[in-house]
K.L.:
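Below you will find the structure I want to go over with you.
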Amino acid sequence: MKVLVPVKRVVDYNVKVRVKSDSSGVDIANVKMSMNPFDEIAVEEAMRLKEGGKATEVIAVSCGVTQCQETLRTAMAIGADRAILVETDADLQPLAVAKLLKAVAEKEQPQLIILGKQAIDDDCNQTGQMLAALLGWPQATFASKLTVDGDKATVTREVDGGLETISLTLPAIVTTDLRLNEPRYVTLPNIMKAKKKTLDVIQPDALGVDVTPRLKTLKVSEPAKRSAGTMVPDVATLVAKLKNEAKVI
Ligand code: AMP
């Protein structure tokens, strides 16, 4: 079974991003970029399937600028066997990524595609769902447990009220939630090994996909600053303030 793992290069989760002065977006010049954390979980899960004898090959794929090669090398250092970069400088929105991934999936014929539930830069939470729709495959989003047996996958999903367990027929799409696993640390020998693994670069045109954005960002702004709190002497004052000032009770 081949497993395809889409990995996105995003601003590192430790970086506090700043909104550009013209409100057109956030400033990502000279900031640390890393693999989207949910995608690290996806690569780790694919590796566990391989180590458990369920997967035969793990292929990492990224869509974006040349530097996404670094993200793909990280995926291969975790253990992915090879990687594909769909290289473009275009501003890629989830629908365009889903179309590119569909084209890659049609070429590679994986039985399972494991994506992150969301990218921490755009917070879209759309790509996996769109890809499932475009391919016409079943999907299990927000997975906190995944087992594969023959042509069936069993996925436990984190839903509002608790956990839901569903069965899917492969080929299928799974998106990872935080508690699916704890990704391993990348070791130096594995970073060195990853440098020798195959990384193919293709262009969106070669896949016949138009990546023109469909949405226009009108404005990006900082969240409102929290005003300082006040100490109240007793519960009666708190209740009075909630009633008369905040008017919430
Ligand atoms: P999103 O829908 O943007 O929140 O992203 C959800 C997931 O789709 C990510 O965790 C990745 O697995 C995948 N994804 C999104 N954008 C890309 C990209 N440019 N390249 C590869 N995978 C991506």
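Order of listing sets the numbers, starting from 1, for every ligand and every atom in it. If you read the sequence from its start, that first residue is 1, and numbering goes on from there. If you're wondering where the values come from, they're calculated on a predicted model, not measured in any experiment.
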K.L.:
For the pair Glu222 and Arg18, find out whether any cationic side-chain nitrogen is under 4.0 Å from an anionic carboxylate oxygen.
P.N.:
no
K.L.:
Quick check on contacts: which atoms of ligand 1 are under 4.0 angstrom from a heavy atom of Asp122?
P.N.:
1 (P), 3 (O), 4 (O)
K.L.:
Counting each atom of ligand 1 from 1 as listed, which ones have a heavy atom of Asn36 under 4.0 Å away?
P.N.:
9 (C), 10 (O)
K.L.:
Carefully, step by step, assess Thr141 and Arg157 under the rule side chain to side chain donor-acceptor pair (under 3.5 Å).
P.N.:
CA-CA 7 Å; Thr141 50; Arg157 306 182 56 237; 2.9 Å; yes
K.L.:
May I ask you to identify the nearest protein heavy atom to atom 19 (N) of ligand 1, giving residue, atom name and distance to one decimal place in Å?
P.N.:
Cys63 O, 2.8 Å
K.L.:
I need the single residue from Asp123, Thr127, Thr176, Asn125 that forms a side-chain hydrogen bond (donor to acceptor under 3.5 Å, both in side chains) with Gln118. Which is it?
P.N.:
Asp123
K.L.:
What is the closest protein heavy atom to atom 9 (C) of ligand 1, and at what distance does it sit?
P.N.:
Asp39 OD1, 3.4 Å
K.L.:
Between Leu115 and ligand 1, which residue portion shows a heavy-atom distance shorter than 4.0 Å: side chain, backbone, both, or neither?
P.N.:
both
K.L.:
Can you tell me if Val61 contacts ligand 1 (heavy atom of the residue under 4.0 Å from the ligand)?
P.N.:
yes
K.L.:
Do Asp121 and Lys8 sit within salt-bridge range, that is, some charged N less than 4.0 Å from a carboxylate O?
P.N.:
yes
K.L.:
What are the atoms of ligand 1, with element, lying closer than 4.0 Å to any heavy atom of Cys124?
P.N.:
1 (P), 2 (O), 3 (O), 4 (O)
K.L.:
Which residue and atom name correspond to the protein heavy atom nearest atom 17 (C) of ligand 1, and how close is it?
P.N.:
Val97 CG1, 3.5 Å
K.L.:
So which protein heavy atom does atom 16 (N) of ligand 1 come closest to, and at what separation?
P.N.:
Lys8 CD, 3.3 Å
K.L.:
Could you find the nearest protein heavy atom to atom 21 (C) of ligand 1 and give me its residue, atom name and distance?
P.N.:
Val7 O, 3.2 Å
K.L.:
Answer with yes or no whether the side chains of Glu87 and Thr66 bring together a donor and an acceptor at under 3.5 Å.
P.N.:
yes
K.L.:
Heavy-atom distances under 4.0 Å are what count here, so tell me which part of Thr175 touches ligand 1: side chain, backbone, both or neither.
P.N.:
neither
K.L.:
Would you mind telling me which of Val5, Leu101, Asp39 makes a side-chain contact (heavy atoms from CB on, under 4.5 Å) with Leu115?
P.N.:
Leu101
K.L.:
Identify the protein heavy atom lying closest to atom 6 (C) of ligand 1, giving its residue, its atom name and the separation to 0.1 Å.
P.N.:
Gly116 O, 3.5 Å
K.L.:
Could you tell me if Thr56 and Lys2 have a donor-acceptor pair between their side chains, going purely by distance under 3.5 Å?
P.N.:
no
K.L.:
Salt bridge or not between Glu51 and Arg184? Use side-chain N to carboxylate O under 4.0 Å.
P.N.:
yes
K.L.:
Should Asp123 be counted as touching ligand 1, given the test is an N or O pair under 3.5 Å?
P.N.:
no
K.L.:
Counting non-hydrogen protein atoms only, what is the nearest one to atom 1 (P) of ligand 1? Give residue, atom name and distance.
P.N.:
Thr127 OG1, 3.4 Å
K.L.:
Please name the residue in the list Asp12, Val10, Thr74, Leu72 that meets the side-chain contact (heavy atoms from CB on, under 4.5 Å) test with Met35.
P.N.:
Thr74
K.L.:
What protein heavy atom is closest to atom 22 (N) of ligand 1, reported as residue, atom name and distance in Å?
P.N.:
Pro6 CB, 3.4 Å
K.L.:
Taking non-hydrogen atoms only, is Asn125 closer than 4.0 angstrom to ligand 1 via side chain, backbone, both or neither?
P.N.:
backbone
K.L.:
Is any side-chain N of the basic residue among Lys117 and Asp177 closer than 4.0 Å to the acidic one's carboxylate O?
P.N.:
yes
K.L.:
Are a donor atom and an acceptor atom from the side chains of Glu44 and Asn181 found within less than 3.5 Å of each other?
P.N.:
no
K.L.:
When you compare ligand 1 with Pro94, is there at least one nitrogen or oxygen pair between them that comes in under 3.5 angstrom?
P.N.:
no
